[in-house]
Amino acid sequence: MVFAQARWDEPLIIQLSRVGKIGFHESHSYDRTVLDLIPSRLRRKQPPSLPEVSEIEVVRHYTRLSQQNFGVDLGIYPLGSCTMKYNPKICDAIAASHKIQELHPYQDERTAQGILQILYEASDFLTKIVGMDKITLQPAAGAHGEYTGVLLMRAYHLDRGEKSRDEVIVPDSAHGTNPASAAMAGYKVVEVPSNSEGCVDKEALKSAVGPRTVGLMITNPNTLGIFERDILEIAKIVHDAGGLLYYDGANLNAIMGKAKPGDMGFDIVHINLHKTFATPHGGGGPGAGPVGVTRRLADYLPVPIVEFDGSKYYLDYNRSKSIGKVRAFHGSAAVVLRAYVYMLLHGKEGLQTVSEVAVLNANYMAQKLRKIKGFSLPFGEGAPRKHEFVLSASLLAKETGVSALQVGKRLLDFGVHPPTIYFPMIVEEAMMTEPTETVSKQELDKMIQAFERISEEAYAKSDQPATSPHATTVTRIDEARANRPKTMQLTWRSTNPTS
Amino acid sequence: MVFAQARWDEPLIIQLSRVGKIGFHESHSYDRTVLDLIPSRLRRKQPPSLPEVSEIEVVRHYTRLSQQNFGVDLGIYPLGSCTMKYNPKICDAIAASHKIQELHPYQDERTAQGILQILYEASDFLTKIVGMDKITLQPAAGAHGEYTGVLLMRAYHLDRGEKSRDEVIVPDSAHGTNPASAAMAGYKVVEVPSNSEGCVDKEALKSAVGPRTVGLMITNPNTLGIFERDILEIAKIVHDAGGLLYYDGANLNAIMGKAKPGDMGFDIVHINLHKTFATPHGGGGPGAGPVGVTRRLADYLPVPIVEFDGSKYYLDYNRSKSIGKVRAFHGSAAVVLRAYVYMLLHGKEGLQTVSEVAVLNANYMAQKLRKIKGFSLPFGEGAPRKHEFVLSASLLAKETGVSALQVGKRLLDFGVHPPTIYFPMIVEEAMMTEPTETVSKQELDKMIQAFERISEEAYAKSDQPATSPHATTVTRIDEARANRPKTMQLTWRSTNPTS
Amino acid sequence: MAKTHPYIPNSDESAIRQMLSEIGLQSIAELFEDIPAAIRSKADLPVPSKMTELETRRHVEGLLAKNLSTRDVLSFLGAGVWSHHVPAAIDAIITRGEFLTSYTPYQPEISQGMLQAMFEYQSLICELTGMDYANSSLYDWSTALGEAARMAARVTGRYEFLFPKFIHPERLATLRTFCDPVDIKLVEVTQDKRSGSVDVSDLKNKLSSRTAGFYLEYPSFLGFVEQAVDEIEAAVHQVGSLFVAGCEPISLGALKPPSDFNTDIVVGEGQPLGSHMNYGGPLLGIFACRGETLLRQMPGRIIGKTTTQDGKRDAYCMALQTREQHIRREKATSNICTNEALLALAASMYLSLLGPKGMSEVCSAILDRTRYAIDSLRKLPGVVAPAFDAFHFMEFTVNFDKTGKKVSEINDGLLKAGIQGGLDLSSYFPELGQAALYCFTEVHTHRDIDMLADKLRMILEA
Amino acid sequence: MAKTHPYIPNSDESAIRQMLSEIGLQSIAELFEDIPAAIRSKADLPVPSKMTELETRRHVEGLLAKNLSTRDVLSFLGAGVWSHHVPAAIDAIITRGEFLTSYTPYQPEISQGMLQAMFEYQSLICELTGMDYANSSLYDWSTALGEAARMAARVTGRYEFLFPKFIHPERLATLRTFCDPVDIKLVEVTQDKRSGSVDVSDLKNKLSSRTAGFYLEYPSFLGFVEQAVDEIEAAVHQVGSLFVAGCEPISLGALKPPSDFNTDIVVGEGQPLGSHMNYGGPLLGIFACRGETLLRQMPGRIIGKTTTQDGKRDAYCMALQTREQHIRREKATSNICTNEALLALAASMYLSLLGPKGMSEVCSAILDRTRYAIDSLRKLPGVVAPAFDAFHFMEFTVNFDKTGKKVSEINDGLLKAGIQGGLDLSSYFPELGQAALYCFTEVHTHRDIDMLADKLRMILEA
Ligand SMILES: Cc1ncc(COP(=O)(O)O)c(C=O)c1O
Ligand SMILES: Cc1ncc(COP(=O)(O)O)c(C=O)c1O
């Protein structure tokens with residue numbers, strides 16, 4: 001395997017600046033003395049020190065930088081919990097139309113019937129996929145959906161006069177956004193441990209719930225990729241205590257058409273459209289985190305909701321029990337549009353195939369990787385996983401000193417992206433791996449071979465893993481330096497940009 | 001300077017194939033037994049052995065391959081005679097509209113008034129820029145324009161009953177397409193030498209012209225980047241002999257707004273839209289090579305011509321003296337559209353600035369490079385060049401053994417594209433360099449530094465130049481092997497694709 | 001065959017069989033057997049059957065065709081999302097697969113491209129706003145404001161947050177959902193009905209040792225620009241609370257940067273910097289602050305510059321991750337994970353393409369249109385434009401009370417003439433009467449504005 | 001300032017001054033002084049002044065809006081450029097700067113991406129056509145045909161080239177301009193007016209030891225597919241001339257490849273393989289041949305597979321350059337230099353995405369529509385469809401003689417109903433009467449065809 005990532009030694013854009021260059025057209029059509037109209041106490045005296053560069057320089061700079069970045073379009077990217085799948089190009093192509101790009105959120109609804117119908121139908125499809133009754137498309141991401149969901153729980157309890165509920169329960173394997181979202185809503189976070197099968201410990205849960213319980217936030221399959229079989233029981237425990245059950249939809253890719261959170265007893269579900277429904281992750285975002293709820297929570301959803309009166313689609317702001325707004329306007333329409341296109345392209349058969357093959361790929365890989373020397377699959381070696389699994393490199397670390405981190409760095413040398421490492425925290429030297437359904441067997445086999453090779457290197461005491469990566473744009477990075485107050489540089493203003 | 005081009009070790013697309021994978025959607029909407037309607041003697045028995053791959057694999061494959069390719073968007077690409085300039089992204093963005101992409105050449109003219117107007121106005125602008133009277137937009141490239149131009153000369157002479165004219169004169173510095181185009185039209189090619197200033201030798205020209213002369217094909221500035229000052233005299237010599245003067249527009253980028261071929265006495269001009277007017281070169285094409293002519297040749301132009309009758313635009317096929325057609329339909333509309341956008345964006349001021357800065361950049365670079373040890377600027381060290389210049393590495397080759405080829409290969413290691421080498425043939429160890437106006441001084445200086453460093457390496461007897469390139473996707477290629485009958489492989493069928 | 005799918009390479013029978021057999025299974029169903037039968041779905045998903053790419057495109061483009069975009073009608077809407085020219089180079093770059101299909105750069109060595117781009121984004125935002133630090137994006141202006149209020153409370157340990165009356169109503173609504181659950185009390189400060197200026201005495205009355213911060217929109221939601229910022233800032237800092245500014249970033253090409261007013265936290269909407277309106281989303285939340293103390297409390301991802309471990313080369317990686325949810329969990333400064341990186345990249349390109357001169361150019365174009373529009377509209381019978389006596393940037397309030405017509409009627413009339421009128425303010429701020437918020441940017445020509453004035457005249461005279 | 005330009009980094013005064021001074025000049029004018037005053041331009045170019053990107057976009061999109069594309073009207077035009085679905089992945093890739101802004105790979109080490117892609121294109125074309133070698137593109141089908149005739153003459157040393165009557169008229173016209181100057185005589189061979197079949201006895205009469213080659217379109221321009229290809233091929237080869245086939249490439253997903261008929265040279269139009277119609281250009285000339293002797297005479301660029309000099313890695317480079325103009329000059333096999341590489345890349349992606357099954361799928365969709373359209377149109381009063389009694393693929397001739405209406409009138413009527421009718425053949429082939437060439441592909445639904453039939457009925461009954 002020969003891989004080398006591009007290296008361009010590209011300076012900062014500000015370092016390409018030279019006074020006098022421009023990257024825009026000056027217009028001849030008016031007179032610039034209008035700037036003098038600005039009252040002097042408001043007028044900017046020094047123009048901002050932005051780069052002065054021409055268009056070609058901007059295009060070259062970012063084209064070069066892009067080559068120094070890894071994406072799904074380049075290779076396997078099995079970041080567990082992130083569902084880094086291939087997104088059909090037609091989704092982006094359709095979203096490039098001015099018929100979506102150049103729509104204003106406040107334009108007359110009569111001139112937005114197309115997008116409103118799309119939002120309405122997407123709401124309908126998503127609601128059905130998760131088995132909920134009503135949905136809001138507004139949240140901008142999963143975590144934002146979580147916060148919205150916790151606010152819905154809060155509204156529900158307050159509406160029932162249950163003011164003393166102030167504890168949100170999360171499993172110890174939960175994603176960091178779950179406790180963070182609960183805390184944002186002013187709630188205390190109560191952690192429940194996992195049992196030996198990696199699932200929620202029902203006894204611990206029973207003793208955790210009570211009159212202070214707001215609800216339980218979990219994902220199913222859980223972060224270990226294991227389906228919580230006892231979910232109905234768990235739901236009952238929570239519901240009996242007067243709490244609500246929140247479904248973190250990050251793992252929805254495992255169960256579409258196979259099981260619905262609604263049927264499992266969940267009251268609230270967020271869906272990460274960028275994970276399951278094909279918005280490319282964009283280097284970190286944008287995404288979208290619609291939140292579906294059962295009937296009893298529907299009244300609390302944020303405004304507006306897209307409705308249809310039999311002849312036209314409209315935005316319904318008239319919802320007196322609504323929690324209000326969690327962001328401006330009506331949500332990320334361009335993201336929802338992509339998800340809508342994705343759902344049409346797949347259809348009921350395709351969405352089910354997505355989950356089936358995502359699970360097949362994960363289990364294929366899990367079974368192959370766990371047999372490689374130094375690796376293991378904690379919490380039930382043989383038990384089926386869903387769309388992801390958490391490998392442990394703890395034996396390897398113990399026996400050879402090569403940690404999960406080093407395995408990850410060494411994987412980079414093979415032109416693949418490593419799994420998520422050191423999460424969930426309940427697995428030592430965790431490598432949380434989610435191949436997704438869009439990876440071919442050939443790519444899976446290549447990744448497996450890379451693990452084999454790294455294991456061999458580790459046991460052969462090669463210094464390759466410890467000194468890796470070698471093939472990337474830069475070699476191992478000094479992350480500590482970026483965090484030490486004395487060396488920290490968070491903008492080019494705190495550095496010497498011309499150096 | 002740290003540069004490394006991406007290396008993906010990417011197999012052939014056929015090697016990614018596995019029976020059963022598909023990259024398209026099957027439709028449910030009809031029955032496939034229609035294939036049985038094909039008479040058996042016409043029906044394909046074995047489906048073509050095309051790859052069976054999914055969409056993600058196609059996208060990854062070509063994304064990776066693209067990273068193994070150098071383009072103007074990545075860096076300086078000063079291929080002399082090719083005008084590798086930056087093309088504003090808005091030109092491509094506008095050409096992505098279905099209002100051009102999904103137009104059919106035979107659709108009713110009433111439904112194509114927009115594109116016809118664009119073709120008409122582009123014709124008008126181009127005609128004026130080169131100082132001609134009438135133009136055809138049809139030729140698909142410069143060479144195609146040349147062939148069209150030679151056919152126009154032929155039609156002209158035949159129309160006047162001058163059947164004995166059968167010699168086309170070209171300078172020894174001419175681009176290969178000039179003699180090739182003349183030969184395609186059945187003409188003999190007569191070469192005239194350059195004089196010590198690198199220009200057409202008038203005495204030689206005088207003795208070359210005569211009753212057999214069809215015409216003279218030249219470019220001005222010539223391939224050395226030198227303006228043929230005596231162009232009016234040259235024109236007179238050719239015209240007096242009854243010949244026609246053909247302008248190879250590959251070098252038009254040097255003189256826009258500064259001088260017009262029409263004013264120099266040319267009868268026929270082709271324009272490479274992809275060079276001067278912003279169609280990206282596309283890895284080899286497409287381009288377009290409109291041909292402008294003076295009044296006396298206008299009747300011979302190929303059909304159709306875009307005309308305007310005062311209220312509507314139309315395609316005029318009714319031209320009895322026309323040479324007919326040089327291709328199907330009306331030319332590369334999408335390429336002409338980009339050129340039209342480019343002309344509007346630049347306007348008269350901008351087009352002139354294009355030429356001014358193209359010439360400034362070339363002279364700046366020429367004067368710096370010629371002073372580097374081992375290099376020289378034949379045919380007038382100090383004389384101004386236009387948009388390009390031809391450096392000679394002959395001294396370097398003699399003194400150090402490092403040839404123009406090796407300099408070129410070594411330049412690759414700096415992440416820049418070398419000049420055109422070994423052309424024109426009248427300069428030993430030629431490096432024909434055309435930076436274009438879209439290169440910043442910083443990039444010019446970097447390229448100059450790279451030349452300096454290579455000269456130092458050569459004189460220091462470093463083996464770097466001889467073993468270069470090192471930083472590219474592959475090291476030096478065995479081109480002989482690709483041409484030897486025993487090792488030649490021109491498709492994967494002649495190889496073992498699974499190896 | 002029914003299952004084989006173009007986006008799912010292992011969806012054909014033969015691949016499935018082979019993979020199953022290699023891991024000792026008979027069927028995919030076995031992999032789902034751990035789902036209790038009671039909750040295993042029996043029926044197909046109640047969504048449509050799959051469509052081909054061609055069918056999908058035709059269907060969805062058919063729906064989209066029902067929309068009228070700003071290329072179909074002349075629109076004068078702003079109010080938080082604005083129509084600007086997006087240079088074509090931006091879309092050409094942000095659609096490149098390497099950027100588009102990457103995620104949070106957890107592995108910095110293979111993600112230098114996006115990391116450097118985000119470091120540049122942070123730097124550019126700091127140059128524009130004059131602040132010390134910026135994060136690499138929040139969801140939108142409104143959530144950035146919510147985070148700012150919470151951060152002000154965290155930093156000061158105080159639980160009152162003040163805002164001016166004429167704030168963007170949806171931002172206020174969002175601020176509420178960010179503040180209510182943690183008991184941050186929101187207090188409205190009066191603005192003068194004639195000039196729009198913050199009523200400084202009211203502000204001073206409401207400022208106290210309980211005040212976490214005061215928020216000012218600059219320019220304001222209604223387009224006027226507060227002149228007494230210095231005075232306001234002094235009063236706010238006087239009581240030890242934070243001064244939070246909400247900025248429309250284009251205006252900072254010509255207006256004093258918030259740093260000049262000792263602003264502590266700047267929030268704003270980055271959409272005008274090279275992103276399309278997209279019916280209101282995705283958007284780009286700008287968040288910047290000054291000083292290290294505030295930095296440590298900043299929500300969102302931050303990219304830092306460092307070197308390789310061998311010290312030989314510059315490199316970039318995530319910094320201060322201990323503020324973030326994936327490390328700090330319930331103690332994180334925010335729950336944000338997925339952010340708006342791609343729009344931040346677009347903003348970087350926009351600011352780089354325009355540079356200092358271009359920002360001034362676009363500001364002057366906007367001021368030219370603003371002035372021309374004020375001159376045109378105020379001539380109409382019964383129309384008051386702007387309704388506030390102040391300097392306006394890009395947007396202003398038009399009052400129609402004296403025309404005897406409602407904004408909704410007027411807008412109906414305009415729409416029939418192919419014009420989308422300004423935002424009807426009558427339900428948001430009844431005290432402003434029949435008023436609408438009009439927006440004018442560089443995308444409008446004087447002829448467009450003439451057309452608006454003509455049609456308005458026809459409607460008002462009808 | 002007037003000169004400074006966003007696409008020209010050194011166009012500002014300070015850069016110009018500095019660069020001039022470094023090379024000892026005072027002004028740019030000096031660099032143009034060698035242009036004699038008599039021909040130096042005195043006045044500005046008589047073209048408009050520059051426009052901003054925004055102005056340009058608005059202006060040009062305004063013009064383009066006057067066009068009606070196949071997304072605006074239902075169109076049944078084919079005849080050499082066809083409406084097909086272009087998978088979105090193709091445009092996403094071919095717009096990548098690395099491919100889009102590169103040129104002929106004169107430096108193979110830094111151009112492996114495009115070289116490999118072109119090698120794959122050649123291979124894919126050979127798989128599709130069954131031929132041994134393909135070049136990496138010519139301009140279009142018509143110039144490929146011109147080159148083929150010339151190549152046949154070069155190879156055989158003969159100077160007559162035969163073609164069938166119902167050839168595409170523009171291809172014939174182009175063939176003439178490629179043959180006339182080098183005295184290749186073009187001879188027409190009769191085709192049966194009822195079946196379209198080549199009149200083999202006429203062909204045999206015209207074949208002789210002077211014949212360089214015979215050209216057959218397969219499927220023919222009029223959509224019928226010649227059945228007696230074996231017989232024709234035998235006759236052609238009998239006299240030692242070359243058999244040249246012109247193919248529409250999509251059809252080869254279901255029709256016998258030309259190699260099965262011992263074809264010597266295949267030409268065709270690659271536009272349907274993933275490129276848009278673009279009002280007729282750019283297009284993609286396919287050119288393939290069999291055997292080494294022909295290979296050496298092939299026009300155009302050819303890419304070969306080789307290794308690095310150290311033998312360690314596969315690599316690609318241009319091969320057989322001695323055929324090309326930049327080496328062989330007037331003795332080159334063609335003058336072609338710039339070609340259609342980007343469209344060849346699109347074709348490679350198309351053939352890879354579709355694969356054998358997809359090609360069969362699109363062929364069956366086309367046959368389904370063709371059959372449905374024949375069934376629908378033949379029911380209309382006075383309409384004969386198809387006019388030829390043969391197997392048709394994708395296109396067929398509809399004769400309206402008995403309706404008493406002209407094609408031009410009918411098409412006018414259709415256009416009023418939002419339909420672009422078939423190509424009027426009456427001026428190209430008067431002997432076919434009032435006939436039009438209709439084209440049906442996978443982009444049409446049965447409902448589209450019903451709509452056509454309905455409107456036609458209304459027009460014919462009016
Ligand atoms: C399990 C889980 N929950 C929640 C989230 C948060 O979602 P988002 O990143 O869309 O805010 C993630 C994202 O990585 C996740 O993996
Ligand atoms: C001087 C000259 N003439 C003619 C041509 C041929 O033009 P094209 O490649 O567009 O066919 C070229 C192209 O490189 C050239 O440089």
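By convention in this document, chain letters (A, B, ...) are assigned in the order of the sequence lines, proteins followed by strands, and residues within each chain are numbered from 1.
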Cut-off 4.5 Å, heavy atoms of chain A, and the answer for B:Gln68 is neither

Are any of the side-chain heavy atoms of B:Gln442 and A:Lys21 separated by less than 4.5 Å?
yes

Which residues from residues 354-365 of chain A are near chain B, with near meaning under 4.5 Å between non-hydrogen atoms?
none

Determine the option with the most heavy-atom pairs under 4.5 angstrom with chain B, choosing from A:Asp73, A:Leu74, A:Thr63.
A:Leu74

Ranking B:Asn87, B:Val439, B:Ile76, B:Thr473 by heavy-atom pairs under 4.5 Å to chain A gives rank one to B:Ile76

Of the listed residues (A:His98, A:Lys85, A:Gln5, A:His25), which shares the most heavy-atom pairs with chain B below a 4.5 Å separation?
A:His25

Can you tell which part of B:Lys89 gets under 4.5 Å to a heavy atom of chain A, answering side chain, backbone, both or neither?
both

So A:Val2 and B:Trp8, do their side chains get closer than 4.5 Å, heavy atoms only?
no

Which residues in residues 53-62 of chain B have a heavy atom less than 4.5 Å from any heavy atom of chain A?
B:Glu55, B:Ile56, B:Glu57, B:Val59, B:Arg60

So which residue, A:Gly75, A:Gly71, A:Ala471, ends up with the most heavy-atom pairs under 4.5 Å with chain B?
A:Gly75

Across all chains, not counting sequence neighbours, the salt bridge (charged side-chain N to carboxylate O under 4.0 Å, His left out) partners of B:Lys441 are B:Asp445, D:Glu22

Set of residues satisfying salt bridge (charged side-chain N to carboxylate O under 4.0 Å, His left out) with respect to B:Asp92, sequence neighbours excluded:
B:Arg338

